[in-house]
Amino acid sequence: MLNGLSRLRPPKAEVQNGQLFPSPSIDCLYPSQDAWEENSEMADTKLCILTGAAGEVGRATARRFAESGWSMILCDRTDDVKALAEGLSTEFGRQCFGIQMDLTNDAEVDSVARTAAGLGIPLRFLGLIAAINHPAISIEQMDMSLWDKVHNVNLRANVKFISACVPLLRKSGNASIATVSSFWGREGHAYFSPYCASKAALISLTQSVAAELAPAIRVNCVAPGNINTPMHFNALAVEAEQRGISADEMRSIEWNKIPMRRPAETAEIASAIYFLSTEDSSYFVGATLDVNGGCRFT
């Protein structure tokens, strides 16, 4: 029993031939917004959408929201997101739906927004965590298809998700959006121009949209530094091999650049994202939180 909501669980949305198909009867399975507001227990229920939910930071963020009683729509390009959603729903007793999708497909993004609308739960937070990086590449050797691929995921998909979800967030009231950039969005790095440019643009997008949507919807950004994930350690291993040194030596070199002398835990990034969904961040608009252990000051 999910706090009286188990009878309202819809069939899982599925992707067929690259298209997302939620239940065609979803609108009639769920109460209207007025019905939710009339029932105090339902009115206290909050819905969030998280992209990149099956990644390391996404998983930590989904858990942080589940622990705090949120219902969730979790989106990711991998099928793992379905098992993640089912596990969190079982563990925390909240509605949680996992949708495997292509974030760069506008029709699929629109379908996620329609699914959220059909649930009848006020959408109060949109967490845009999904991102991709790329191998080191010089500007003269770069194929523009790589540039487009990185920017389509790291920037354009976020624009589309915000555009599709703003009406629901505005209707719910007291809503917020958090984008996730990077400390590499604060400064350029050689051979990573597609990634750095996309993350810098995301900070600018956050500020522009924040100015447009406040005070109805607060929009802010989190810019992590190095994170304790396999991706970070793989990157250190590659760099160590190129320099002809050990992995331990490479870690010491990189971590000594961080005043905290370690990378962030995924839960620490998740806490910053969650903070931006709460009343404690009620006066944050267009801000970028640098959760980087002090490796770069702004």
Side-chain angles (χ1 to χ4, degrees), residues 1-16 18-27 29-30 36 42 44-105 107-132 153 157-158 161 164-165 168-169 172 175 177-178 180 229 266-267 269-271 273-274 277:
M1 184 69 172
L2 304 180
N3 295 327
L5 303 180
S6 60
R7 68 185 184 279
L8 300 175
R9 186 184 300 279
K12 291 182 179 178
E14 297 181 352
V15 175
Q16 300 175 8
Q19 296 295 319
L20 180 67
F21 292 95
S23 167
S25 59
I26 196 168
D27 288 337
L29 288 175
Y30 289 83
W36 281 90
M42 288 184 177
D44 288 339
T45 302
K46 299 173 289 186
L47 178 68
C48 70
I49 296 174
L50 303 179
T51 69
E56 299 287 342
V57 173
R59 286 176 178 270
T61 304
R63 172 164 288 274
R64 183 68 182 84
F65 275 83
E67 289 172 344
S68 300
W70 286 68
S71 297
M72 297 183 291
I73 295 177
L74 305 180
C75 305
D76 200 272
R77 62 185 176 85
T78 71
D79 188 62
D80 295 344
V81 72
K82 297 177 183 178
L84 172 65
E86 184 175 353
L88 291 174
S89 181
T90 300
E91 181 176 357
F92 294 101
R94 308 302 301 179
Q95 294 195 89
C96 186
F97 310 97
I99 298 177
Q100 181 184 10
M101 63 173 297
D102 177 2
L103 300 173
T104 66
N105 185 308
E108 293 188 21
V109 175
D110 287 335
S111 289
V112 171
R114 288 196 298 271
T115 297
L119 294 178
I121 308 173
L123 179 63
R124 292 225 164 90
F125 183 73
L126 174 63
L128 299 169
I129 304 168
I132 59 172
V153 174
N158 291 334
F161 253 104
C165 292
L168 293 175
L169 292 163
S172 297
I177 299 170
V180 177
T229 64
T266 55
I269 307 303
S271 291
I273 296 170
Y274 178 76
S277 76

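Keep in mind that the numbers below use all heavy atoms, side chains included, and drop hydrogens, waters and symmetry copies.
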Is a side-chain donor or acceptor of [X] paired with a backbone partner of [Y] at a separation under 3.5 angstrom?
| X | Y | result |
| --- | --- | --- |
| Ser89 | Arg94 | yes |
| Glu108 | Asp102 | yes |
| Ser68 | Arg64 | yes |
| Asp76 | Ala54 | yes |
| Thr51 | Ala130 | yes |

Is there a side-chain contact between [X] and [Y], using heavy atoms and a 4.5 Å cut-off?
| X | Y | value |
| --- | --- | --- |
| Val112 | Ile99 | yes |
| Asp80 | Arg59 | yes |
| Ile177 | Phe161 | no |
| Thr104 | Val153 | yes |
| Leu88 | Leu74 | yes |

Between [atom1] of [X] and [atom2] of [Y], what distance do you get to the nearest 0.5 Å?
| X | Y | atom1 | atom2 | value |
| --- | --- | --- | --- | --- |
| Leu84 | Glu86 | CG | CD | 10.5 Å |
| Ile49 | Cys165 | CD1 | SG | 4.0 Å |
| Arg63 | Thr266 | CZ | OG1 | 10.5 Å |
| Gln100 | Arg77 | CD | CZ | 10.0 Å |
| Lys46 | Ser277 | NZ | OG | 6.5 Å |
| Thr115 | Asp110 | OG1 | CG | 10.5 Å |

- Message: Name the residue from Leu50, Ile121, Leu119, Leu126 that meets the side chain to side chain contact (heavy atoms under 4.5 Å, CB included) definition with Ile73.
- Response: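 Only one option passes, and that is Leu119.
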Any idea which heavy atoms bring [X] and [Y] closest together, and the distance?
| X | Y | value |
| --- | --- | --- |
| Ala164 | Ala113 | O-CB, 3.7 Å |
| Ala117 | Leu168 | CB-CD2, 3.7 Å |
| Gly98 | Ala85 | N-CB, 3.3 Å |

- Message: Is the ring pair Phe125/Trp70 parallel, tilted or perpendicular, if the boundaries are 30 and 60 degrees?
- Response: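 Judged by the thresholds at 30° and 60°, the geometry between Phe125 and Trp70 is perpendicular.
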